[in-house]
Visitor: 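Have a look at this one before I ask anything.
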Amino acid sequence: MATTAIPCTPNGQSEWTQRTQLSGVEYLLTFRWSQRVGQWSLSIADANAVPLYTGIPLTVGTLMLPYYAGVRVIPGVMVVADTSVDGLTGDLDPGFDDLGDRFQLLYYTRD
């Protein structure tokens, strides 16, 4: 499995969309901060802005990108890792200012 750290630093923004290649395919990743629940979420669309996944909570150690009808829409998995501990078992989730810094969004391919 190859691992890629996905750049995702908010730079003071509570929402932004970026183009990101995953397994050689371009996707639109939209990051949103919810002040109400104090949590980041991720939505993924294809290059034509057709939604594939919406509102995935960015929580440490949780495998993201579920199967739909037995088919994985994106061929790998994502996980948020806390770089200040052993990677996946921290007891905190990314806050507004530490996504992309202390907390990394990692993409694992199946190759």
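Since this is a predicted model, take the numbers as computed values, not measurements. In this chain, numbering begins with 1 at the start of the sequence shown.
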Visitor: Just by modelled atom types, is the Arg102 backbone N or O under 3.5 Å from a matching donor or acceptor in the Thr83 side chain?
Guide: yes

Visitor: Hey, are Asp82 and Ser84 close enough side-chain-wise for a donor-acceptor pair under 3.5 Å?
Guide: yes

Visitor: Kindly give the heavy-atom pair with the smallest separation between Ser14 and Trp40, and that separation in Å.
Guide: O-CZ3, 3.7 Å

Visitor: If every non-hydrogen atom of Gln18 is compared with every non-hydrogen atom of Pro7, which pair is closest and at what distance?
Guide: NE2-O, 2.7 Å

Visitor: Specify the closest pair of heavy atoms between Pro94 and Val60, including all atoms of both residues, with the distance to one decimal.
Guide: CD-CG2, 4.4 Å

Visitor: Parallel, tilted or perpendicular: which one describes the rings of Phe96 and Trp33, with boundaries at 30° and 60°?
Guide: perpendicular

Visitor: Taking the side chain as every heavy atom from C-beta outward, state whether Leu63 and Tyr108 have any atom pair closer than 4.5 Å.
Guide: no

Visitor: Locate the shortest heavy-atom distance separating Ala47 from Arg19; write the atom from each residue and the value.
Guide: O-NH1, 3.9 Å

Visitor: Distance check, rounded to the nearest 0.5 Å: Gln104 atom CD versus Thr3 atom OG1?
Guide: 12.0 Å

Visitor: Under a 4.5 Å side-chain heavy-atom rule over Ile, Leu, Val, Met, Phe, Trp and Tyr, are Leu28 and Leu52 clustered together?
Guide: no

Visitor: Mind listing the closest non-hydrogen atom pair of Leu106 and Ala81 along with its distance?
Guide: CD1-CB, 3.8 Å

Visitor: Taking atom SG of Cys8 and atom CG of Leu58, what is their separation to the nearest 0.5 Å?
Guide: 7.5 Å

Visitor: In Å, rounded to the nearest 0.5 Å, how long is the span from CZ of Phe31 to OG1 of Thr9?
Guide: 9.5 Å

Visitor: Do the side chains of Ile74 and Leu29 join up, straight or via other hydrophobic residues, at under 4.5 Å, putting them in one cluster?
Guide: yes

Visitor: Has Tyr107 got a side-chain atom pairing as donor or acceptor with Ile6's backbone, closer than 3.5 angstrom?
Guide: no

Visitor: Do Trp16 and Asn11 have side-chain heavy atoms sitting under 4.5 Å apart?
Guide: no

Visitor: Any chance you could measure Ile56, atom CD1, to Ser41, atom OG, to the nearest 0.5 Å?
Guide: 9.0 Å

Visitor: Atom CD1 of Ile44 and atom CG of Asp46: how far apart are they, to the nearest 0.5 Å?
Guide: 11.5 Å

Visitor: Any side-chain to backbone donor/acceptor pair from Ser43 onto Thr30? Under 3.5 Å, distance only.
Guide: no

Visitor: Give me the atom names and distance for the closest heavy-atom approach of Leu105 to Met64.
Guide: CD1-CE, 3.5 Å

